[in-house]
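One structure is given below, encoded as structure tokens.
Here is the naming used below: chain letters follow the sequence lines, and residue numbers restart at 1 for every chain.
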Number of protein chains: 2
Amino acid sequence: MRVSLKDVAAHAGVSIKTVSNVVNNYQHVTPAMRERVQRSIDVLGYRPNLAARHLRKGRTGIIALALPELGNPYFAELAASVIDAASQHDYIVLLDHTGGSREQELLVSQGFRARVIDGLILSPIELETEDLRDRSEDVPLVLLGERDYDLPYDHIAIDNVAAARAAVRHLIGLGRREVAFIGARRGRSEPAQLRVRGWREELAAAGLPADEGLVAATDGWGHADGALAMNHILDSGRRPDAVFAYNDPMAIGAMRVLHERGLRVPEDIAVVGFDDVIEGRFGAVTLTSVSPDKAAIGRLAVESVLARLHDRAPEPRRIWADHQLVERESTLGRPAATNRGAA
Amino acid sequence: MRVSLKDVAAHAGVSIKTVSNVVNNYQHVTPAMRERVQRSIDVLGYRPNLAARHLRKGRTGIIALALPELGNPYFAELAASVIDAASQHDYIVLLDHTGGSREQELLVSQGFRARVIDGLILSPIELETEDLRDRSEDVPLVLLGERDYDLPYDHIAIDNVAAARAAVRHLIGLGRREVAFIGARRGRSEPAQLRVRGWREELAAAGLPADEGLVAATDGWGHADGALAMNHILDSGRRPDAVFAYNDPMAIGAMRVLHERGLRVPEDIAVVGFDDVIEGRFGAVTLTSVSPDKAAIGRLAVESVLARLHDRAPEPRRIWADHQLVERESTLGRPAATNRGAA
DNA sequence: AACGGCGTGTATAACGTTGTAAAACTTGAG
DNA sequence: CTCAAGTTTTACAACGTTATACACGCCGTT
């Protein structure tokens, strides 16, 4: 059986509370007493029972991180950064994945999935503002990612509109004129709305038409969805000279299709992705991408949720993380002359 | 404040234990009483306190899954499969990542990282047999992956030697004669030993020499490590006509180097990876790979750890999951004639 | 010599739940 | 109408921890 405070107390010949005081570094303990108790702790191999501590203090030391998709390396890297940040505050991270479905996101936000947590960091895809409005749960919630919510929760994200505009501006600067957008999500909600808006705004700023036929909606956000969307655009007879994808896996899926159809990247079509995942640096054509500061996002998310947990909670805020555009082969140089007006 | 059994009991005018009986579907409760209590539960919005339940029962309902690397999509997919399998048994998964370092793996195996778990599924990289031998922790442990341990724990893996032999046999069957192996790990431990052994055995079976100069050791198992290893082999003046990589990211890293150096895949050099990650299906050259049955591995791991937890524990066993070789473009066709003996 | 104040250690009562054993109700037979 | 046997409900203790309030001894001061 596991050894408890009582056993240590008996072994050291002191009261239970004194042992507890030593374990918790309570200040009013003489060095002699502290050492005597510590020796008993070491001898017996005592380790505190977290359930009992939790029951007493009302804290578990666990925060949950709910992500739509673990398979996407962006989220995997983000998870790693959250886990690291949390461990620096002696917190453990319970990873959950929602599959990006509204139903699962709702369950998570209302605390039905993981009921042993002090705080929750949620990266929603389909969840609506109204879904969160009547959240009865009392564990602190921090939102992550692109969606725009008007709610009393901290929200950490990069400036998606600005980032998308930078990507499109880069393409236009290379002489591209017909920039497709891949990954506007199908369905009533529009999670990619900010990036589409950035695309639209930057085209307008450059005096170019925003051809809505160059915006491809998809069901998911994986390689296959990007490939499907690219095929869809090309099958419609359009021939853009650039593609901006919602994320890197979709960009890579699109590049595969371009390769299959004999279109060269970047000569015929330039491609820009989003998230800067490692995979984009090792393809036959390396991928230009918007690189969010994942480490900062993870750190800020943990700090926000812990701040709220410890009641040092300021007003709910929107916190911006940095981003930058990383240029690689997929946008190298100006378009090949042959491509213009080929259709 | 949160509502407890006591509050519900007061509201329904019954004892605490009766409410508990209703919550736990205890059998000796009249339908009338059950409904009356249930109504109070619904009205007050009662939700059980897991910490108290844990303290009382000694179970948390959480199992930990410790993986070396979340960024590798193989592990991400595996994690998803474990999470799904666990949720079918009403268990929650706490994901931990060790970075593949011996120190972290040791901490995890001894329960210092996550101290609130009923069971542990660990995929070790560097951990030695001796490290686990004097494990004092009493939570059930299930091992995952390639390492070969002679210890009283369940171990779930595919037959790595057979899988590696199948990959090499496929290459030899295509007429390849100089097959390099990328990813024998540097350092005293040799986690890739089974796959190297398969490589060696199959070459021997085909009457081909096992040129140890074609085995490249690396520090890690990512894209960059594969690229480094490939460069190392080519810089040494050797010119293999096939490469078998420890995993898909390394294979893709190697393919990038081949592309940069103007070597064609598969004409000049065929490439086979391991794990069959999604990324391998969307490169300019799709990747032939050994595909382990990840869903089965996750399911078996969860079932093993829960069996041990519930004392239906049989002898420690080695459990084999299926695998198959998926052929794609990177091994399509026979070698180009020009390449032979080019060096 | 008595007293207040301070620093250190201790008994006790929670936290919310479930297992045990006993009490309180049914039911049916004599 | 009583009693035994069975069914349903209840009181209470325990799980391991920490907060509260108090007791004790030791100072220096009056």
request  = Say whether, by atom type as modelled, one donor and one acceptor occur between the side chain of B:Asp7 and the main chain of B:Ser4 under 3.5 angstrom.
outcome  = yes
request  = Mind calculating the distance between CG (A:Leu55) and C1' (D:dA14) to the nearest angstrom?
outcome  = 12 Å
message = Please report the end-to-end axis angle for the helix from C:dA1-D:dT30 to C:dG30-D:dC1, five pairs per end, rounded to 10 degrees.
response = 70°
query = Distance only, no hydrogens: is a donor on one side chain within 3.5 Å (strictly under) of an acceptor on the other, for B:Gln88 and B:Asp84?
reply = no
message = Looking at A:Asp42, I'd like to know if its CG atom is crowded, meaning that more than 12 non-hydrogen atoms belonging to other residues, nucleotides or ligands lie closer than 6.0 Å.
response = yes
Polar atom pairs (N or O), protein with nucleotides 21-25 of chain C, under 3.5 Å:
none

request  = Would you tell me if any nitrogen or oxygen in the side chain of B:Ser20 comes within less than 4.0 Å of OP1 or OP2 on C:dT18?
outcome  = yes
key: Close approaches to DNA chain C from residues 21-37 of chain B, in residue order (heavy atom, under 4.0 Å)   = B:Asn24
request  = Mind jotting down which residue pairs meet the side chain to side chain donor-acceptor pair (under 3.5 Å) criterion with at least one end in residues 51-80 of chain B? Sequence neighbours excluded, please.
outcome  = B:Thr60-B:Asp118, B:Glu77-B:Lys294
key: B:Ile16 CD1 - D:dA11 P separation (whole Å)   = 9 Å
query = How long is the line joining NZ of B:Lys57 and P of D:dC15, in whole Å?
reply = 17 Å
key: Phosphate contact (C:dG9 OP1 or OP2) by A:Thr18 side-chain N/O below 4.0 Å   = no
request  = Spell out protein contact along nucleotides 23-28 of chain D as letters: B when the base is contacted, S when just the sugar-phosphate is, - when no protein heavy atom is under 4.0 Å; keep the 5' to 3' order.
outcome  = ------
query = OP1 or OP2 of D:dG16 less than 4.0 angstrom from a side-chain nitrogen or oxygen of A:Arg53, does that happen here?
reply = no
query = Is A:Arg56 side chain donor-acceptor paired with the D:dA19 base, going by distance under 3.5 Å alone?
reply = no
message = In whole Å, I'd like the distance from the NZ atom of B:Lys6 to the P atom of D:dA11.
response = 13 Å
ask   = With B:Ser304, which of B:Leu144, B:Ile319, B:Leu141 fulfils side chain to side chain contact (heavy atoms under 4.5 Å, CB included)?
value = B:Ile319
inquiry  = Just the rounded figure in Å: distance from C1' of C:dG16 to CZ of B:Arg2.
reply    = 11 Å
ask   = Once you round to the nearest 0.5 Å, how far does CD1 of B:Ile117 lie from CD1 of B:Ile92?
value = 13.5 Å
request  = Please check if the side chain of B:Gln38 supplies one atom and the backbone of B:Val22 the other of a donor-acceptor pair under 3.5 Å.
outcome  = no
remark   = A:Pro48 has its side chain closest, among D:dT17, C:dT10, D:dA19, to D:dT17
request  = Apply ring pair (Phe, Tyr, Trp, His ring centres under 6.0 Å) to B:Tyr26 and list each qualifying residue two or more places apart in sequence or on a separate chain.
outcome  = B:His28
task = Grab the CZ-P distance between B:Arg47 and C:dT17 for me, whole Å please.
result = 12 Å
query = Between the side chain of A:Asn160 and the main-chain N/O of A:Ile158, is any donor-acceptor distance below 3.5 Å?
reply = yes
request  = Look only at the side chain of B:His155 and the backbone of B:Gly145, and say whether a donor-acceptor pair between them is shorter than 3.5 Å.
outcome  = yes
query = Looking only at side-chain N and O atoms, does A:Ser4 come under 4.0 Å of OP1 or OP2 in D:dG16?
reply = no
task = Find the distance B:Leu5:CG to D:dA11:P and express it as a whole number of Å.
result = 14 Å
